[in-house]
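Notes to accompany the following structure.
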There are 2 protein chains.
Amino acid sequence: MAKINDNGTLREANCSEELMAMRDSLDVLGGKWKLMILRFLTNRTHQIINFKKMQREIDGISAKMLSKELKELETNLLISRTEQQTRPITVVYAITEYGKSVLPVTETLVQWGLSHREKIIESIK
Amino acid sequence: MAKINDNGTLREANCSEELMAMRDSLDVLGGKWKLMILRFLTNRTHQIINFKKMQREIDGISAKMLSKELKELETNLLISRTEQQTRPITVVYAITEYGKSVLPVTETLVQWGLSHREKIIESIK
DNA sequence: GTAACCGGTTACCCAAGAGAAACTACTATG
DNA sequence: CATAGTAGTTTCTCTTGGGTAACCGGTTAC
(Lines give C-alpha, C1' and ligand atoms only; values in the text may rest on other atoms or scores of the structure.)
Protein backbone atom coordinates (compact mmCIF):
# COMPACT_ATOMS: atom_id res chain seq x y z
CA MET A 1 0.00 0.00 0.00
CA ALA A 2 2.52 2.61 1.12
CA LYS A 3 5.21 3.32 -1.40
CA ILE A 4 8.69 4.63 -0.84
CA ASN A 5 9.93 7.65 -2.70
CA ASP A 6 13.39 7.86 -4.27
CA ASN A 7 14.60 9.84 -1.29
CA GLY A 8 13.38 7.20 1.12
CA THR A 9 10.44 9.17 2.52
CA LEU A 10 7.04 7.63 2.54
CA ARG A 11 4.72 8.66 -0.22
CA GLU A 12 1.24 9.35 0.98
CA ALA A 13 0.27 12.36 -1.02
CA ASN A 14 -2.12 10.13 -2.96
CA CYS A 15 -3.95 9.04 0.16
CA SER A 16 -6.31 11.98 0.15
CA GLU A 17 -6.92 11.38 -3.54
CA GLU A 18 -7.83 7.83 -2.70
CA LEU A 19 -10.23 8.97 -0.04
CA MET A 20 -11.74 11.47 -2.47
CA ALA A 21 -12.24 8.73 -5.03
CA MET A 22 -13.92 6.62 -2.42
CA ARG A 23 -16.15 9.50 -1.45
CA ASP A 24 -17.17 9.80 -5.12
CA SER A 25 -18.02 6.11 -5.21
CA LEU A 26 -20.00 6.23 -2.00
CA ASP A 27 -21.94 9.27 -3.22
CA VAL A 28 -23.12 7.35 -6.28
CA LEU A 29 -23.35 3.83 -4.86
CA GLY A 30 -23.97 4.49 -1.17
CA GLY A 31 -27.18 4.12 0.75
CA LYS A 32 -29.13 1.09 1.74
CA TRP A 33 -30.30 -0.25 -1.61
CA LYS A 34 -28.29 0.82 -4.67
CA LEU A 35 -25.63 -1.86 -4.54
CA MET A 36 -28.28 -4.47 -3.75
CA ILE A 37 -30.26 -3.48 -6.84
CA LEU A 38 -27.17 -3.49 -9.05
CA ARG A 39 -26.17 -6.91 -7.80
CA PHE A 40 -29.66 -8.24 -8.36
CA LEU A 41 -29.75 -6.99 -11.94
CA THR A 42 -26.25 -8.28 -12.58
CA ASN A 43 -27.37 -11.73 -11.48
CA ARG A 44 -30.37 -11.65 -13.80
CA THR A 45 -29.00 -10.31 -17.05
CA HIS A 46 -30.64 -13.17 -18.91
CA GLN A 47 -34.07 -12.58 -17.38
CA ILE A 48 -36.69 -9.96 -18.00
CA ILE A 49 -36.92 -7.95 -14.82
CA ASN A 50 -39.78 -5.58 -14.11
CA PHE A 51 -40.71 -3.48 -11.15
CA LYS A 52 -42.94 -5.87 -9.24
CA LYS A 53 -40.49 -8.70 -9.68
CA MET A 54 -37.74 -6.68 -8.05
CA GLN A 55 -40.02 -5.57 -5.27
CA ARG A 56 -40.88 -9.18 -4.52
CA GLU A 57 -37.37 -10.56 -4.72
CA ILE A 58 -35.26 -7.90 -3.05
CA ASP A 59 -36.00 -8.56 0.56
CA GLY A 60 -37.51 -5.69 2.48
CA ILE A 61 -37.52 -2.95 -0.14
CA SER A 62 -40.63 -0.81 -0.45
CA ALA A 63 -42.13 0.46 -3.69
CA LYS A 64 -41.24 3.99 -2.77
CA MET A 65 -37.57 3.29 -2.15
CA LEU A 66 -37.30 1.05 -5.19
CA SER A 67 -38.80 3.74 -7.38
CA LYS A 68 -36.48 6.39 -5.99
CA GLU A 69 -33.33 4.32 -6.22
CA LEU A 70 -34.09 3.14 -9.76
CA LYS A 71 -34.41 6.75 -10.90
CA GLU A 72 -31.08 7.68 -9.38
CA LEU A 73 -29.35 4.66 -10.86
CA GLU A 74 -30.81 5.48 -14.27
CA THR A 75 -29.63 9.08 -13.96
CA ASN A 76 -26.12 7.79 -13.34
CA LEU A 77 -26.39 5.51 -16.40
CA LEU A 78 -25.92 2.39 -14.32
CA ILE A 79 -29.22 0.83 -15.33
CA SER A 80 -31.62 1.19 -18.24
CA ARG A 81 -35.39 1.49 -18.16
CA THR A 82 -37.31 0.38 -21.22
CA GLU A 83 -41.06 0.56 -21.69
CA GLN A 84 -42.39 -2.30 -23.76
CA GLN A 85 -45.33 -1.45 -26.02
CA THR A 86 -47.33 -4.40 -24.76
CA ARG A 87 -50.78 -4.35 -23.26
CA PRO A 88 -50.76 -3.84 -20.40
CA ILE A 89 -47.60 -1.80 -20.64
CA THR A 90 -44.59 -3.45 -19.03
CA VAL A 91 -41.25 -1.96 -18.12
CA VAL A 92 -37.95 -3.76 -18.30
CA TYR A 93 -35.03 -2.81 -16.09
CA ALA A 94 -31.56 -3.97 -16.97
CA ILE A 95 -28.01 -3.27 -15.99
CA THR A 96 -25.99 -1.25 -18.49
CA GLU A 97 -22.46 -1.97 -19.64
CA TYR A 98 -21.34 0.81 -17.35
CA GLY A 99 -23.35 -0.66 -14.51
CA LYS A 100 -21.45 -3.90 -14.97
CA SER A 101 -18.29 -2.05 -14.01
CA VAL A 102 -19.62 -2.03 -10.45
CA LEU A 103 -19.47 -5.83 -10.35
CA PRO A 104 -16.05 -5.97 -8.60
CA VAL A 105 -17.45 -3.82 -5.81
CA THR A 106 -20.50 -5.99 -5.19
CA GLU A 107 -18.40 -9.11 -5.56
CA THR A 108 -15.97 -8.11 -2.81
CA LEU A 109 -18.90 -7.13 -0.60
CA VAL A 110 -20.57 -10.51 -1.12
CA GLN A 111 -17.33 -12.33 -0.36
CA TRP A 112 -16.66 -10.27 2.73
CA GLY A 113 -20.20 -10.74 3.95
CA LEU A 114 -19.90 -14.52 3.60
CA SER A 115 -16.61 -14.69 5.48
CA HIS A 116 -17.90 -12.28 8.10
CA ARG A 117 -20.88 -14.50 8.75
CA GLU A 118 -18.56 -17.49 9.13
CA LYS A 119 -16.49 -15.55 11.61
CA ILE A 120 -19.53 -14.58 13.66
CA ILE A 121 -20.80 -18.16 13.70
CA GLU A 122 -17.41 -19.46 14.81
CA SER A 123 -17.14 -16.86 17.54
CA ILE A 124 -20.42 -18.14 18.99
CA LYS A 125 -19.28 -21.77 19.17
CA MET B 1 -22.34 -15.42 -12.79
CA ALA B 2 -25.34 -17.57 -13.67
CA LYS B 3 -24.69 -21.27 -13.58
CA ILE B 4 -26.49 -24.04 -15.37
CA ASN B 5 -27.87 -27.03 -13.50
CA ASP B 6 -27.57 -30.59 -14.72
CA ASN B 7 -31.12 -30.45 -15.98
CA GLY B 8 -30.41 -27.32 -17.99
CA THR B 9 -32.34 -24.92 -15.79
CA LEU B 10 -30.66 -21.82 -14.54
CA ARG B 11 -29.40 -21.96 -11.01
CA GLU B 12 -30.19 -18.84 -9.09
CA ALA B 13 -31.18 -20.18 -5.73
CA ASN B 14 -27.96 -18.69 -4.36
CA CYS B 15 -28.87 -15.20 -5.49
CA SER B 16 -30.80 -14.41 -2.38
CA GLU B 17 -27.92 -15.76 -0.32
CA GLU B 18 -25.64 -13.39 -2.14
CA LEU B 19 -27.93 -10.50 -1.42
CA MET B 20 -28.13 -11.54 2.22
CA ALA B 21 -24.36 -11.63 2.43
CA MET B 22 -24.21 -8.16 0.91
CA ARG B 23 -26.78 -6.94 3.39
CA ASP B 24 -24.55 -8.26 6.19
CA SER B 25 -21.59 -6.39 4.76
CA LEU B 26 -23.50 -3.18 4.35
CA ASP B 27 -24.82 -3.39 7.90
CA VAL B 28 -21.27 -3.51 9.26
CA LEU B 29 -19.47 -1.34 6.72
CA GLY B 30 -22.25 0.95 5.49
CA GLY B 31 -22.81 4.58 6.29
CA LYS B 32 -20.92 7.64 5.35
CA TRP B 33 -17.63 7.15 7.18
CA LYS B 34 -16.75 3.55 8.14
CA LEU B 35 -15.07 2.54 4.91
CA MET B 36 -13.30 5.89 4.75
CA ILE B 37 -11.85 5.35 8.23
CA LEU B 38 -10.80 1.80 7.45
CA ARG B 39 -9.09 2.90 4.26
CA PHE B 40 -7.34 5.71 6.06
CA LEU B 41 -6.00 3.38 8.74
CA THR B 42 -5.00 0.81 6.14
CA ASN B 43 -2.94 3.46 4.38
CA ARG B 44 -1.21 4.46 7.60
CA THR B 45 -0.30 1.16 9.21
CA HIS B 46 3.27 2.38 9.70
CA GLN B 47 2.21 5.62 11.41
CA ILE B 48 0.90 6.32 14.86
CA ILE B 49 -2.64 7.57 14.40
CA ASN B 50 -4.55 9.31 17.13
CA PHE B 51 -7.94 10.90 17.30
CA LYS B 52 -7.10 14.47 16.39
CA LYS B 53 -4.93 13.36 13.50
CA MET B 54 -7.82 11.48 11.94
CA GLN B 55 -10.19 14.35 12.52
CA ARG B 56 -7.80 16.68 10.69
CA GLU B 57 -7.02 14.38 7.80
CA ILE B 58 -10.34 12.76 6.98
CA ASP B 59 -12.05 15.54 5.13
CA GLY B 60 -15.29 16.76 6.64
CA ILE B 61 -15.69 14.36 9.55
CA SER B 62 -16.79 15.81 12.88
CA ALA B 63 -15.53 14.72 16.29
CA LYS B 64 -18.94 13.34 17.11
CA MET B 65 -19.19 11.11 14.06
CA LEU B 66 -15.56 10.03 14.30
CA SER B 67 -16.07 9.02 17.92
CA LYS B 68 -19.25 7.12 17.11
CA GLU B 69 -17.87 5.31 14.09
CA LEU B 70 -14.64 4.35 15.86
CA LYS B 71 -16.63 2.72 18.64
CA GLU B 72 -18.68 0.70 16.20
CA LEU B 73 -15.62 -0.39 14.25
CA GLU B 74 -13.92 -1.42 17.48
CA THR B 75 -16.99 -3.41 18.52
CA ASN B 76 -16.80 -5.28 15.24
CA LEU B 77 -13.08 -5.96 15.83
CA LEU B 78 -12.08 -4.10 12.69
CA ILE B 79 -9.88 -1.59 14.50
CA SER B 80 -8.03 -1.50 17.81
CA ARG B 81 -7.88 1.29 20.35
CA THR B 82 -4.87 1.45 22.64
CA GLU B 83 -4.26 3.98 25.39
CA GLN B 84 -0.61 4.81 25.78
CA GLN B 85 0.51 5.53 29.34
CA THR B 86 2.20 8.73 28.31
CA ARG B 87 1.62 12.21 29.73
CA PRO B 88 -0.58 13.58 28.43
CA ILE B 89 -2.37 10.35 27.68
CA THR B 90 -2.50 9.49 24.00
CA VAL B 91 -4.63 6.96 22.19
CA VAL B 92 -3.51 4.97 19.20
CA TYR B 93 -5.97 3.65 16.66
CA ALA B 94 -4.92 0.94 14.28
CA ILE B 95 -6.46 -1.46 11.85
CA THR B 96 -6.64 -5.08 13.02
CA GLU B 97 -5.75 -8.14 11.00
CA TYR B 98 -9.44 -8.70 10.55
CA GLY B 99 -9.90 -5.09 9.50
CA LYS B 100 -7.34 -5.68 6.77
CA SER B 101 -9.74 -8.18 5.24
CA VAL B 102 -11.86 -5.22 4.17
CA LEU B 103 -9.04 -3.97 1.93
CA PRO B 104 -10.44 -5.57 -1.26
CA VAL B 105 -13.70 -3.71 -0.70
CA THR B 106 -12.10 -0.30 -0.29
CA GLU B 107 -9.72 -1.03 -3.13
CA THR B 108 -12.51 -1.72 -5.62
CA LEU B 109 -14.34 1.38 -4.41
CA VAL B 110 -11.25 3.54 -4.92
CA GLN B 111 -10.71 2.11 -8.39
CA TRP B 112 -14.33 2.56 -9.37
CA GLY B 113 -14.34 6.11 -8.04
CA LEU B 114 -11.29 6.98 -10.09
CA SER B 115 -12.72 5.56 -13.32
CA HIS B 116 -16.09 7.14 -12.61
CA ARG B 117 -14.46 10.53 -12.27
CA GLU B 118 -12.69 10.00 -15.59
CA LYS B 119 -15.98 9.10 -17.21
CA ILE B 120 -17.67 12.21 -15.85
CA ILE B 121 -14.82 14.44 -17.02
CA GLU B 122 -14.92 12.89 -20.50
CA SER B 123 -18.66 13.29 -20.74
CA ILE B 124 -18.27 17.04 -20.16
CA LYS B 125 -15.75 17.49 -23.01
C1' DG C 1 -1.77 32.42 34.21
C1' DT C 2 -3.32 31.62 29.76
C1' DA C 3 -3.39 29.76 25.39
C1' DA C 4 -3.20 25.50 22.97
C1' DC C 5 -2.83 20.67 22.61
C1' DC C 6 -5.10 15.75 23.49
C1' DG C 7 -9.43 12.81 23.67
C1' DG C 8 -13.31 13.00 23.51
C1' DT C 9 -18.82 13.91 25.32
C1' DT C 10 -23.10 16.28 25.42
C1' DA C 11 -26.96 19.02 23.92
C1' DC C 12 -29.44 20.93 20.23
C1' DC C 13 -31.32 20.88 15.84
C1' DC C 14 -32.47 20.04 11.00
C1' DA C 15 -32.79 17.25 6.91
C1' DA C 16 -32.74 13.05 4.83
C1' DG C 17 -33.82 8.19 5.05
C1' DA C 18 -37.10 5.06 5.16
C1' DG C 19 -41.52 2.45 6.12
C1' DA C 20 -46.77 1.96 5.73
C1' DA C 21 -50.68 2.54 3.46
C1' DA C 22 -53.67 4.59 0.32
C1' DC C 23 -54.38 5.81 -4.34
C1' DT C 24 -54.25 6.32 -9.69
C1' DA C 25 -54.76 4.25 -14.15
C1' DC C 26 -54.94 0.54 -17.22
C1' DT C 27 -55.78 -4.50 -18.52
C1' DA C 28 -56.73 -9.22 -18.29
C1' DT C 29 -59.10 -13.05 -16.19
C1' DG C 30 -62.82 -15.58 -14.17
C1' DC D 1 -68.65 -7.05 -12.22
C1' DA D 2 -65.05 -8.21 -9.02
C1' DT D 3 -60.38 -9.55 -8.46
C1' DA D 4 -55.74 -9.38 -9.42
C1' DG D 5 -51.76 -7.97 -11.89
C1' DT D 6 -48.55 -4.09 -13.79
C1' DA D 7 -46.20 0.39 -12.59
C1' DG D 8 -45.63 3.21 -9.96
C1' DT D 9 -46.95 8.06 -7.00
C1' DT D 10 -48.44 10.43 -2.98
C1' DT D 11 -49.12 11.31 1.72
C1' DC D 12 -48.06 10.78 6.26
C1' DT D 13 -45.21 9.71 9.74
C1' DC D 14 -41.24 8.33 12.52
C1' DT D 15 -36.45 7.53 13.02
C1' DT D 16 -31.82 8.14 12.06
C1' DG D 17 -27.90 10.49 10.36
C1' DG D 18 -25.24 13.88 10.82
C1' DG D 19 -23.68 18.91 11.57
C1' DT D 20 -22.57 22.80 15.03
C1' DA D 21 -21.01 24.29 19.04
C1' DA D 22 -20.18 24.24 23.75
C1' DC D 23 -17.97 21.83 27.18
C1' DC D 24 -15.20 18.50 30.31
C1' DG D 25 -10.61 17.26 32.44
C1' DG D 26 -5.94 16.96 31.88
C1' DT D 27 -1.01 18.66 30.24
C1' DT D 28 2.41 21.40 28.30
C1' DA D 29 4.58 25.44 26.42
C1' DC D 30 5.01 30.36 26.57
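Below, chain A is the first sequence line, B the second, and so on; all start at residue 1.
- A straight line from CG of Asp27(A) to P of dG17(D) spans 18 Å, rounded to a whole angstrom.
- Nucleotide dA7(D) holds its C1' atom 16 Å from the CD1 atom of Ile48(A), rounded to whole Å.
- A straight line from CG of Leu73(A) to P of dG8(D) spans 14 Å, rounded to a whole angstrom.
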Per-residue pairing states of DNA chain D in dot-bracket (Watson-Crick or G-U under 3.5 Å; . unpaired, | other strand) read ||||||||||||||||||||||||||||||
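- The salt bridge (Lys or Arg N to Asp or Glu O under 4.0 Å) contacts involving residues 65-84 of chain A comprise Lys34(A)-Glu69(A), Lys34(A)-Glu72(A), Arg81(A)-Glu83(A), where partners must be two or more places apart or lie in separate chains.
- Residues forming a side chain to side chain donor-acceptor pair (under 3.5 Å) with Asn76(A) (at least two apart in sequence, or on another chain): none.
- For Arg81(B) and dG8(C), the shortest distance from a side-chain N or O to OP1 or OP2 is below 4.0 Å.
- The main-chain N or O of Leu77(A) is found under 3.5 Å from a side-chain atom of Thr96(A) such that the two form a donor-acceptor pair.
- Pairs of residues two or more places apart, or lying in two chains, that qualify as ring-ring contact (aromatic ring centres under 6.0 Å, His included) and include a residue from residues 77-108 of chain A are Tyr98(A)-Trp112(B), Tyr98(A)-His116(B).
- One interatomic measurement links the two molecules: CD of Glu83(B) to P of dG7(C), which rounds to 10 Å at whole-angstrom precision.
- Sequence neighbours left out, not one pair with a member in residues 22-45 of chain B passes ring-ring contact (aromatic ring centres under 6.0 Å, His included).
- Taking atom CD of residue Glu57(A) and atom P of nucleotide dT6(D), one finds them 11 Å apart after rounding to whole Å.
- For Ser25(A), there are no side chain to side chain donor-acceptor pair (under 3.5 Å) partners, not counting sequence neighbours.
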Pairs under 3.5 Å (N/O, protein and nucleotides 27-30 of chain C):
residue: dT27(C); atom: OP1; partner: Arg87(A); partner atom: NH1; Å: 3.0
residue: dA28(C); atom: OP1; partner: Arg87(A); partner atom: O; Å: 3.4

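- In the hydrophobic clustering, where aliphatic and aromatic side chains (Ile, Leu, Val, Met, Phe, Trp, Tyr) are joined below 4.5 Å either directly or transitively, Val92(A) groups with Ile48(A).
- Side-chain nitrogen and oxygen atoms of Tyr93(B) include none within less than 4.0 Å of the OP1 or OP2 phosphate oxygen of dC6(C).
- Atom NZ of Lys52(A) is separated from atom P of dC26(C) by 17 Å (rounded to the nearest Å).
- Residues passing the side-chain contact (heavy atoms from CB on, under 4.5 Å) test with Thr108(A), sequence neighbours excluded: Pro104(B), Val105(B), Thr108(B).
- Sorted by first and then second residue, the pairs that involve residues 50-62 of chain B and meet salt bridge (Lys or Arg N to Asp or Glu O under 4.0 Å), not counting sequence neighbours, are Arg44(B)-Glu57(B).
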Given protein heavy atoms under 4.0 Å, the one-letter contact record of nucleotides 9-19 of chain C, with B base, S sugar-phosphate only and - none, is simply SBB-----SBB
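- Distance, Lys53(B) NZ to dC5(C) P: 15 Å, rounded to whole Å.
- By the side chain to side chain donor-acceptor pair (under 3.5 Å) test, Ser80(B) is found to be paired with no residue, residues two or more places apart in sequence or in another chain being considered.
- Rounding to whole angstrom units, CD1 of residue Ile79(B) and P of dG7(C) are separated by 14 Å.
- The phosphate of dT6(D) (OP1 or OP2) has a side-chain N or O of Arg56(A) nearer than 4.0 angstrom.
- In this structure a side-chain-to-backbone donor-acceptor pair under 3.5 Å is missing from Ser67(B) to Ala63(B).
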